[in-house]
2 protein chains.
Amino acid sequence: MARDGKPTRDKILQESKALILQNGYAGTSIDHILEKTALTKGAFFYHFKTKNDLAKALIEEFIRLDLSTMEAALKNTQDLKDKPLDRLLKFIQIFIDVLAGLKAPHPGCLYASFINESNLFDEEIKKDIAKTILTWRDNIEILMQNILEQYDMVIEEDLNSLADTFTVIFEGGFILSKSVNEPDLTAKQLRHLQNYLQILFVPKK
Amino acid sequence: MARDGKPTRDKILQESKALILQNGYAGTSIDHILEKTALTKGAFFYHFKTKNDLAKALIEEFIRLDLSTMEAALKNTQDLKDKPLDRLLKFIQIFIDVLAGLKAPHPGCLYASFINESNLFDEEIKKDIAKTILTWRDNIEILMQNILEQYDMVIEEDLNSLADTFTVIFEGGFILSKSVNEPDLTAKQLRHLQNYLQILFVPKK
DNA sequence: ATATTTGTACCGTCTAGTCTGTATAATTAA
DNA sequence: TTAATTATACAGACTAGACGGTACAAATAT
């Protein structure tokens with residue numbers, strides 16, 4: 001054996017992610033990553049065969065983290081599973097609490113970075129991103145279906161798009177937040193989603 | 001004098017915009033632009049001193065167009081200026097009508113493209129984008145202030161962030177729409193904003 | 001001792017940008 | 001009226017450096 005390479009690999013992933021969120025993928029050169037990590041080509045190309053390989057690894061790790069936070073939020077609200085509206089509101093609140101405490105705008109979402117340069121990536125990466133976005137849709141939609149067992153909607157609307165609103169706010173919020181330099185902008189948008197749900201659903205008589 | 005150069009300049013702007021929305025700015029090379037436009041370096045660097053010069057010209061034109069569509073929508077709803085809630089709903093409807101008719105996902109917004117590679121651009125470009133986003137905020141906020149003269153809000157919330165929701169939906173909607181390949185996704189999100197406003201504002205007694 | 005991990009020199013290609021030359025068309029002047 | 005002039009608009013070869021990627025030696029830890 002030899003010394004452990006995992007810290008090196010992790011450092012590359014971490015720094016390249018930060019750089020891509022600032023400069024985009026094409027705007028982030030391998031040399032730039034090596035400069036930030038104080039490594040050399042040998043180390044980089046030992047852990048990643050190509051730059052595209054790094055992209056794939058980055059997205060896969062990002063997706064894993066994304067889905068695990070979603071599952072954690074679902075778990076953290078399980079105690080409210082027979083108060084489905086309260087559960088969804090608390091589900092959103094978890095993310096508000098994180099985003100409202102930021103001192104600088106959220107660095108952004110890799111999905112957005114990649115979709116903004118989507119032609120540079122192969123179909124597999126794009127499929128994985130879309131699949132994850134639809135997983136959010138599906139899971140939130142289930143929470144909403146539970147609500148409908150006890151509530152009516154003031155305005156009829158498909159739950160599909162209503163569930164998407166959550167992700168739309170994240171992606172759009174991050175962009176605006178970075179542009180106008182207001183760290184809590186996304187949290188405020190999520191509050192509006194809470195408001196909307198609160199007055200959209202009314203208890204069945 | 002010589003023959004008119006404006007068609008050439010316009011073609012460069014048009015094609016480079018399309019390419020940037022697909023590949024990002026750094027991912028779009030000048031050679032690539034020349035290939036698409038069937039032009040040569042001579043033509044390009046006659047019209048734009050540097051690549052960054054092109055970026056500046058692109059954003060400025062994009063901003064002009066963006067602000068003019070906003071002003072057009074404001075004008076098209078002026079007849080409802082003493083029914084301020086109806087006016088705002090119609091204002092939104094104008095954009096829904098456009099987005100609901102798309103046969104392919106909207107190509108995207110240059111603001112998002114640039115913000116996703118924001119480190120590559122000078123402060124001036126970023127300031128211009130932020131300023132435009134805040135112009136949307138301000139104008140929509142005025143429409144909302146007019147509403148408050150006749151209506152109360154079911155849930156108290158600053159109009160600032162409520163106005164931002166419009167732009168947030170656009171930016172986030174475009175991203176999701178491209179990823180999951182659903183052209184009318186953004187229009188559906190705007191419908192939810194209409195719903196929200198409709199039940200958030202109630203006539204004063 | 002040996003497999004794993006990293007450093008360094010190097011290669012071909014692509015990149016933004018320069019340079020010189022040329023075609024076009026309006027202007028000038030005889 | 002027309003030939004010479006001039007500013008505009010574009011073509012295409014060229015360059016220096018950055019880019020992703022390779023080859024292989026050196027170092028590290030068991």
Side-chain angles (χ1 to χ4, degrees), chain A residues 1-20 22-59 113-114 116-122 124-125, chain B residues 1-59 61 113-114 116-122 124-125:
Chain A
M1 300 291 167
R3 67 184 198 267
D4 187 17
K6 192 160 181 296
T8 300
R9 192 186 136 96
D10 287 347
K11 203 155 63 164
I12 293 174
L13 286 172
Q14 179 192 327
E15 287 299 334
S16 61
K17 175 181 160 187
L19 284 171
I20 288 173
Q22 291 170 357
N23 309 320
Y25 176 75
T28 301
S29 73
I30 294 174
D31 284 340
H32 199 172
I33 295 171
L34 300 178
E35 203 178 329
K36 277 267 175 185
T37 55
L39 293 167
T40 56
K41 294 234 160 166
F44 182 91
F45 282 101
Y46 172 76
H47 291 285
F48 305 98
K49 277 217 304 267
T50 65
K51 193 189 179 190
N52 196 64
D53 235 53
L54 170 68
K56 213 170 282 187
L58 269 176
I59 272 292
S113 293
F114 279 49
N116 266 288
E117 302 172 82
S118 58
N119 258 29
L120 307 180
F121 304 102
D122 48 43
E124 198 193 338
I125 289 183
Chain B
M1 301 292 165
R3 64 186 200 268
D4 188 17
K6 193 160 181 297
T8 299
R9 192 186 137 96
D10 287 347
K11 204 155 63 162
I12 293 174
L13 287 172
Q14 178 190 328
E15 287 299 333
S16 61
K17 175 182 161 186
L19 284 172
I20 288 173
L21 290 175
Q22 291 171 358
N23 309 321
Y25 175 74
T28 300
S29 72
I30 294 174
D31 284 341
H32 199 172
I33 296 170
L34 300 178
E35 204 177 330
K36 276 269 176 185
T37 55
L39 292 167
T40 58
K41 295 242 158 156
F44 183 90
F45 283 101
Y46 173 75
H47 290 286
F48 305 99
K49 277 215 307 265
T50 65
K51 193 189 177 189
N52 196 64
D53 234 53
L54 169 69
K56 212 169 283 186
L58 268 175
I59 272 293
E61 174 139 333
S113 292
F114 279 48
N116 267 287
E117 302 173 82
S118 58
N119 258 29
L120 306 182
F121 304 102
D122 49 42
E124 198 194 339
I125 288 182

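By convention in this document, chain letters (A, B, ...) are assigned in the order of the sequence lines, proteins followed by strands, and residues within each chain are numbered from 1. Heavy-atom basis, side chains included; hydrogens, waters and symmetry copies ignored. Because the structure is a prediction, the values reported are computed rather than measured.
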> Could you give the CD1-to-P distance, from I12(B) to dA16(C), as a whole number of Å?
Replying inline: 14 Å
> Between I33(A) (CD1) and dC19(D) (C1'), how many Å, whole number?
Replying inline: 12 Å
Distance-only criterion, 3.5 Å: show the donor-acceptor pairs between side-chain atoms of residues 7-17 of chain A and protein atoms not counting sequence neighbours.
| residue | atom | partner | partner atom | Å |
| --- | --- | --- | --- | --- |
| D10(A) | OD2 | K6(A) | NZ | 3.2 |
| S16(A) | OG | I12(A) | O | 2.7 |
| S16(A) | OG | L13(A) | O | 3.1 |

>> Tell me the interatomic distance from D31(A), atom CG, to dA18(D), atom C1', rounded to whole angstroms.
In response: 8 Å
>> Can you measure F48(A) atom CZ to dT6(C) atom C1' for me and round it to whole angstrom units?
In response: 14 Å
>> Is it the case that dG21(D) (base atoms only) and K49(A) (side chain only) share a donor and an acceptor within less than 3.5 Å, ignoring hydrogens and angles?
In response: no
> Which part of the nucleic acid, if any, lies within reach of T28(B) when heavy atoms closer than 4.0 Å are counted: base, sugar-phosphate only, or nothing?
Replying inline: sugar-phosphate
>> Given dG20(D), dG12(D), dT18(C), identify the nucleotide with an atom nearest to the side chain of F45(B).
In response: dT18(C)
> Once you round it to whole Å, what is the distance between C1' of dG21(D) and NE2 of H32(A)?
Replying inline: 19 Å
> Taking the side chain of T40(A) as heavy atoms from C-beta outward, which of dA11(D), dT6(C), dA16(C) is closest to it?
Replying inline: dT6(C)
> Hey, does the side chain of S29(B) come within less than 4.0 Å of dT15(C)'s phosphate (OP1/OP2), counting only N and O?
Replying inline: yes
>> Without decimals, in angstroms, what is the distance between Y46(B) OH and dA16(C) P?
In response: 22 Å
>> With nearest nucleotide decided by heavy atoms, which residue, K51(A) or T8(B), maps closer to the 5′ end of DNA chain D?
In response: T8(B)
> Parallel, tilted or perpendicular for F121(A) and F114(A), by the 30°/60° rule?
Replying inline: parallel
> Just how far, in rounded Å, is P of dA13(D) from CZ of F44(B)?
Replying inline: 19 Å
>> Distance check needed: dC19(D) C1' versus N23(A) CG, whole Å only.
In response: 15 Å
> So, is H47(B) near the phosphate of dT8(D), with a side-chain N or O under 4.0 Å from OP1 or OP2?
Replying inline: no
> So do D122(A) and K56(A) actually touch side chain to side chain, heavy atoms under 4.5 Å?
Replying inline: yes
> So, E117(A) side chain and A26(A) main chain: donor-acceptor pair closer than 3.5 Å or not?
Replying inline: yes
> Any donor-acceptor pair under 3.5 Å linking the side chain of K36(A) with the backbone of L19(A)?
Replying inline: no
> Does a distance-only test, which skips hydrogens and angles, find a donor-acceptor pair under 3.5 Å between the side chain of K41(B) and the base of dA16(C)?
Replying inline: yes
